[in-house]
Amino acid sequence: MLRTLISLLALYIDFIVIGTFMALGNYFIGLALGYVAGVGLAWYGEIAAAAGLTALARLLGLSLGQALLDYALEEAEADSPRWLWPNLVVGTFLILDGLKMMVRWSQFDVAIPVFGMIETTPLKAVVLVAMGAVSFFAGAMVLAFVPKARLAAAGSIALSTVSLFASWPVLGKAIARVQAARREAQGLHLREGEIDAMQSLLPVISLGGLVVCAAFIWLSRERSS
């Protein structure tokens, strides 16, 4: 059972990595070809294309997920496997969050502040991509149980925490813009009190998520050699 779950996680990692680069490629192709707001394929087209490319990569024996989770699979097959779940949870979270940051600047939720920056600028895009890369590589290290993985993950969380506190004074304004943009994209009207509720909840949820992630990092482990 554990081996099956790890194999599925490896497949998921392959899919989200390929999907991220598909989304970025689609964005730039859309800009080049003059699609509205730089959007090319519909979301279901991107998912289908990413799934097809993931299957092709697997057929060719190319899998980042399998490479990262080889050690976890070995541990799962041992007679007395040690705890794996803290590494699997926090590693996957950091990879997913890193990939989201790499594409976030190209999406309507770009108003989410980073180090106090709300507006989309080349500097903000660079910062988001850099932070995303740090989170991604830290997550990859944690999933692979390599030495210094916990230090890398802690550094990534510390960076996000500093960014959150630097952005705290403008969070309310940014959340209002993001929520309005999301409802507009969904073709829905804002509900009464919706923005106030989100302004109250999201900062606490963001901070709480960082605390939980830090706890998982503390519980995670590294291979001895």
Side-chain angles (χ1 to χ4, degrees), residues 9-28 30 37-47 49-51 53-54 64-65 68 88-143 152-167 170-171 174-175 177-179 181-182 185-186 198 201-214 216-217:
L9 179 58
L11 180 62
Y12 173 70
I13 289 170
D14 290 342
F15 175 75
I16 60 174
V17 169
I18 290 174
T20 296
F21 287 100
M22 276 285 304
L24 286 174
N26 182 41
Y27 176 80
F28 286 113
V39 177
L41 292 173
W43 63 268
Y44 48 82
E46 287 186 356
I47 291 176
L53 287 174
T54 302
L64 176 63
L68 292 177
L88 300 182
V89 171
V90 75
T92 303
F93 170 79
L94 288 173
I95 284 179
L96 181 59
D97 193 55
L99 292 173
K100 285 173 62 179
M101 279 193 279
M102 289 182 190
V103 299
R104 187 167 288 160
W105 59 272
S106 67
Q107 301 171 342
F108 64 81
D109 63 351
V110 71
I112 291 176
V114 180
F115 289 102
M117 295 181 287
I118 297 180
E119 303 299 330
T120 305
T121 63
L123 175 60
K124 183 179 178 181
V126 169
V127 170
L128 277 170
V129 171
M131 288 180 65
V134 169
S135 180
F136 178 86
F137 285 110
M141 292 175 68
V142 172
L143 283 181
S156 177
I157 293 301
L159 192 63
S160 296
T161 302
V162 172
S163 175
L164 177 63
F165 280 106
S167 303
V170 296
L171 275 180
I175 289 169
R177 288 181 54 177
V178 170
Q179 199 62 21
R182 285 178 176 164
Q186 295 166 350
M198 297 302 289
L201 289 174
L202 282 183
V204 176
I205 291 172
S206 298
L207 185 57
L210 290 172
V211 172
V212 171
C213 193
F216 273 96
I217 292 170

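Values reported hereafter were calculated over all heavy atoms of this structure, with side chains retained and with hydrogens, waters and symmetry mates removed. In what follows, residues are counted from 1 in the order of the sequence shown.
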Sequence neighbours left out, what passes side chain to side chain contact (heavy atoms under 4.5 Å, CB included) with T92? Give chain and number order.
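If we apply the side chain to side chain contact (heavy atoms under 4.5 Å, CB included) test to T92, skipping adjacent residues, the hits are L9, Y12, L143.
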
What pairs with L64 under side chain to side chain contact (heavy atoms under 4.5 Å, CB included), at least two apart in sequence or on another chain?
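Residues passing side chain to side chain contact (heavy atoms under 4.5 Å, CB included) with L64: D14, V17, L68, F136.
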
Using modelled atom types and a 3.5 Å cut-off, is there a donor and acceptor pairing between side-chain atoms of S135 and backbone atoms of M131?
no

Measure the spacing between [atom1] of [X] and [atom2] of [Y] and express it to the nearest 0.5 Å.
{"X": "L207", "Y": "L164", "atom1": "CG", "atom2": "CG", "answer": "6.0 Å"}
{"X": "D97", "Y": "M102", "atom1": "CG", "atom2": "CE", "answer": "10.5 Å"}
{"X": "L210", "Y": "F165", "atom1": "CG", "atom2": "CZ", "answer": "8.5 Å"}
{"X": "L202", "Y": "I175", "atom1": "CG", "atom2": "CD1", "answer": "4.5 Å"}

Mind listing the closest non-hydrogen atom pair of [X] and [Y] along with its distance?
{"X": "P113", "Y": "L171", "answer": "CG-CD2, 3.7 Å"}
{"X": "F15", "Y": "A50", "answer": "CE1-CB, 3.8 Å"}
{"X": "C213", "Y": "V90", "answer": "SG-CG2, 3.5 Å"}
{"X": "M117", "Y": "K124", "answer": "O-NZ, 3.4 Å"}

With side chains defined as the heavy atoms from C-beta onward, is the minimum distance between [X] and [Y] less than 4.5 Å?
{"X": "V114", "Y": "M101", "value": "no"}
{"X": "T161", "Y": "I157", "value": "yes"}
{"X": "F137", "Y": "L94", "value": "no"}

